[in-house]
Student: 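Sharing a structure with you now.
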Amino acid sequence: MSAYKDFAKPNEEYVATFGDKGKLPLPPSKKLLIITCMDARINPYAHLGITEGEAHIVRNAGGAAKEAIRSVVISQRLLGTREIAVFHHTGCGMVTFDTPQLRELVKEGAPGNAAIAETVDQIDFLEFKDLEGSVKSDVKFLQDNPLVLPGTKVTGWVYEVETGKIRQVA
């Protein structure tokens with residue numbers, strides 16, 4: 001069964017309590033951008049106590065700052081964010097593989113397909129082995145990146161999927 005078939009009913013419930021959220025301004029009120037993982041166990045709104053309209057949340061595999069830089073530029077230059085919080089988490093799938101291994105897996109799924117092989121060979125999947133080290137590396141990447149506005153406060157955090165706790169590491 002496809003998950004999309006379950007969208008309508010919860011949306012009706014959401015719409016019933018939507019209130020005046022449609023009038024929220026486009027720029028986030030906290031001037032905050034959060035970069036975090038796409039992991040389905042993570043709910044940044046809940047564990048950080050933020051609501052719609054307060055922060056931009058950019059999600060990708062591993063919460064990689066390098067992959068999020070396009071969104072950072074848009075968020076800062078067009079929508080006024082001045083603070084970035086990078087969140088990685090315990091139990092992340094990004095520590096379970098390396099780029100050559102994943103490239104080979106994709107190629108094995110399409111034997112003889114030169115287009116897939118060529119395309120996947122161009123991707124750096126940005127995996128990591130050291131959780132705290134990866135957060136610190138992403139914070140440094142943003143602090144040193146000329147596309148990030150000077151004076152931007154950049155912090156780094158680990159979210160513990162086992163407990164829901166967060167801890168600052170950079």
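Start at 1 with the first residue, then count along the sequence.
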Student: Under 4.5 Å between side-chain heavy atoms, counting indirect links through other Ile/Leu/Val/Met/Phe/Trp/Tyr residues: same cluster for Val86 and Ile74 or not?
Tutor: no

Student: Looking at CD1 of Ile57 and OG of Ser75, how far apart are the two atoms once the value is rounded to the nearest 0.5 Å?
Tutor: 11.0 Å

Student: Would you say that Val148 contacts Gln143 through its side chain, given a criterion of any heavy-atom pair below 4.5 Å between the two side chains?
Tutor: no

Student: Do Ile84 and Val58 share a hydrophobic cluster (ILVMFWY, side-chain heavy atoms under 4.5 Å, transitive)?
Tutor: yes

Student: Glu83: which residues meet the side-chain hydrogen bond (donor to acceptor under 3.5 Å, both in side chains) condition with it, sequence neighbours left out?
Tutor: none

Student: The criterion is salt bridge (charged side-chain N to carboxylate O under 4.0 Å, His left out); which residues satisfy it with Asp98, sequence neighbours excluded?
Tutor: none

Student: Which residue pairs satisfy the ring pair (Phe, Tyr, Trp, His ring centres under 6.0 Å) criterion with at least one member in residues 116-155, sequence neighbours excluded?
Tutor: His88-Phe128

Student: Just to verify, what does Glu108 make a side-chain hydrogen bond (donor to acceptor under 3.5 Å, both in side chains) with, not counting sequence neighbours?
Tutor: none

Student: Contact between Thr96 and Glu127 at the side-chain level, heavy atoms closer than 4.5 Å - yes or no?
Tutor: no

Student: Among residues at least two apart in sequence or on other chains, which ones pass salt bridge (charged side-chain N to carboxylate O under 4.0 Å, His left out) with Asp130?
Tutor: none

Student: Test Val95 against Leu131 for side chain to side chain contact (heavy atoms under 4.5 Å, CB included), laying out the working first.
Tutor: CA-CA 8 Å; Val95 302; Leu131 178 59; 5.7 Å; no

Student: Quick check for you: to the nearest 0.5 Å, what is the distance between Ile42 atom CD1 and Arg59 atom CZ?
Tutor: 6.0 Å

Student: Is Tyr45 reachable from Phe87 through a run of hydrophobic residues whose side-chain heavy atoms are each under 4.5 Å from the next?
Tutor: yes

Student: If I compare all heavy atoms of Lys136 with all of Val169, which pair ends up nearest, and what's the gap?
Tutor: CE-O, 3.2 Å

Student: Rounded to the nearest 0.5 Å, how far does CG of Leu126 lie from OG of Ser137?
Tutor: 10.0 Å

Student: With sequence neighbours excluded, what pairs up with Phe18 under the ring-ring contact (aromatic ring centres under 6.0 Å, His included) test?
Tutor: Tyr14

Student: Tell me if a side-chain donor or acceptor on Arg82 pairs with a main-chain N or O of Gln76 at a distance below 3.5 Å.
Tutor: yes

Student: Just how far is it from atom CD of Glu54 to atom NZ of Lys31, taken to the nearest 0.5 Å?
Tutor: 13.5 Å

Student: Can you check side chain to side chain contact (heavy atoms under 4.5 Å, CB included) on Ile35 and Asp138, steps first, answer last?
Tutor: CA-CA 10 Å; Ile35 301 171; Asp138 273 1; 5.8 Å; no

Student: How far apart are the closest heavy atoms of Val139 and Ala170, and which atoms are they?
Tutor: CG2-CB, 3.9 Å

Student: Does atom NZ of Lys107 have more than 12 heavy-atom neighbours from other groups under 6.0 Å away?
Tutor: yes

Student: Which residues satisfy the side-chain hydrogen bond (donor to acceptor under 3.5 Å, both in side chains) test with Glu160, sequence neighbours excluded?
Tutor: Thr163, Arg167

Student: Ignoring hydrogens, what is the shortest heavy-atom contact between Ala115 and Thr119? Give both atom names and the distance.
Tutor: O-OG1, 2.7 Å

Student: Which atom names give the shortest non-hydrogen contact between Cys92 and Gly62, and what distance separates them?
Tutor: SG-CA, 4.2 Å

Student: Does Thr155 have any side-chain hydrogen bond (donor to acceptor under 3.5 Å, both in side chains) partners at least two apart in sequence or in another chain, and if so, which?
Tutor: Trp157

Student: Under 4.5 Å side-chain heavy-atom separation, chaining through any Ile, Leu, Val, Met, Phe, Trp or Tyr, what else clusters with Leu24? Say none if it is isolated.
Tutor: none

Student: Less than 4.5 Å apart, any side-chain heavy atom of Leu48 and any of Ile166?
Tutor: yes

Student: Of all heavy-atom pairs between Thr90 and Arg41, which one has the smallest distance, and what is that distance?
Tutor: O-NH2, 4.3 Å

Student: With rounding to the nearest 0.5 Å, note down the distance linking NZ in Lys153 to OG1 in Thr81.
Tutor: 15.5 Å

Student: Taking all non-hydrogen atoms of both residues into account, name the closest pair between Ala110 and Ile116 and its distance.
Tutor: CB-CD1, 3.5 Å

Student: Does any pair with a residue in residues 16-26 pass salt bridge (Lys or Arg N to Asp or Glu O under 4.0 Å), and if so which ones, sequence neighbours excluded?
Tutor: Lys21-Glu52

Student: Check which hydrophobic residues are tied to Phe7 through side-chain heavy-atom contacts below 4.5 Å, counting indirect links as well, and list them.
Tutor: Tyr4

Student: Identify which one of Val120, Ile123, Asp124 satisfies the side chain to side chain contact (heavy atoms under 4.5 Å, CB included) criterion when paired with Thr99.
Tutor: Asp124

Student: Applying a strict under-4.5 Å side-chain criterion to I, L, V, M, F, W and Y, I'd like to know whether Val161 and Val158 cluster together.
Tutor: no

Student: Less than 3.5 Å apart, which donor and acceptor atoms pair up between the side chains of residues 65-72 and the rest of the protein, not counting sequence neighbours?
Tutor:
none

Student: Spell out, yes or no, whether Val106 and Phe97 are grouped together once hydrophobic residues are joined by side-chain heavy atoms under 4.5 Å, including indirect joins.
Tutor: yes

Student: Drop me the distance from Asn11's CG to Asp6's CG, to the nearest 0.5 angstrom.
Tutor: 12.5 Å

